[in-house]
Amino acid sequence: MANLGKMMKQAQAMQAKMKQAQRELAETERTFTAGGGAVEVTAKGDYTITAIKISPEAVDPEDVEGLEDLLLLAMNGALEEIRQLAESSLSQAAGGMNLGGLFG
């Protein structure tokens, strides 16, 4: 029974670490650029896009599709960085447990 009590305390401590890591992650921002800086997208750890910056040089009425591609690339890159950060942060909070596949 003593082992069960110890395991429960460890589980509660891990849960508290996970919640703290999730709070910190939600406020973390990552920025990703595409097209040599023509498009810049910033995402937060809660997977929201908080900013998009487009260089005036990237706006070509004859190549809207190219700008759309740069936006997609930058947005997906920013979200992938957040996913990787989340996986790493929460894995550390979980005591190094492999949480692979949990975030994407």
Query - Test log, rule side chain to side chain contact (heavy atoms under 4.5 Å, CB included), inputs L73 and V39 - result: CA-CA 9 Å; L73 181 64; V39 174; over 6 Å; no

[atom1]-[atom2] distance between [X] and [Y], expressed to the nearest 0.5 angstrom:
{"X": "T33", "Y": "K53", "atom1": "OG1", "atom2": "NZ", "value": "12.0 Å"}
{"X": "K19", "Y": "Q15", "atom1": "NZ", "atom2": "CD", "value": "4.5 Å"}
{"X": "R83", "Y": "N76", "atom1": "CZ", "atom2": "CG", "value": "12.0 Å"}
{"X": "L70", "Y": "I54", "atom1": "CG", "atom2": "CD1", "value": "9.0 Å"}
{"X": "Q22", "Y": "D46", "atom1": "CD", "atom2": "CG", "value": "11.5 Å"}
{"X": "Q84", "Y": "E80", "atom1": "CD", "atom2": "CD", "value": "4.5 Å"}

Query raised in the report: Is V41 reachable from L72 through a run of hydrophobic residues whose side-chain heavy atoms are each under 4.5 Å from the next?
Result: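 No, because L72 and V41 fall into different hydrophobic clusters, even though each may have its own neighbours under 4.5 Å.
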
Query raised in the report: Same cluster or not: are F32 and L85 linked, directly or through other Ile, Leu, Val, Met, Phe, Trp or Tyr residues, by side-chain heavy atoms under 4.5 angstrom apart?
Result: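 Shared cluster, no.
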
How close do [X] and [Y] get, counting heavy atoms only, and between which atoms?
{"X": "A78", "Y": "R30", "value": "CB-O, 4.2 Å"}
{"X": "I82", "Y": "A43", "value": "CD1-O, 3.7 Å"}
{"X": "A86", "Y": "L25", "value": "CB-CD2, 3.2 Å"}

Query raised in the report: Do other residues, nucleotides or ligands put more than 12 heavy atoms under 6.0 Å from K17 NZ?
Result: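 No - once you tally the heavy atoms of other residues, nucleotides and ligands closer than 6.0 Å, there are 12 at most.
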
**Report entry** E27 and R23 ion-paired at < 4.0 Å
**Finding:**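 Salt bridge between E27 and R23, a charged N being under 4.0 Å from a carboxylate O: no.
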
Query raised in the report: Is there side-chain contact between L67 and D60, with at least one heavy-atom pair below 4.5 Å?
Result: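 With C-beta onward as the side chain, the pair stays apart.
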
Report task. Take I49 and L79 through the side chain to side chain contact (heavy atoms under 4.5 Å, CB included) test and state the conclusion after the steps. Result -> CA-CA 8 Å; I49 302 295; L79 292 173; 4.1 Å; yes

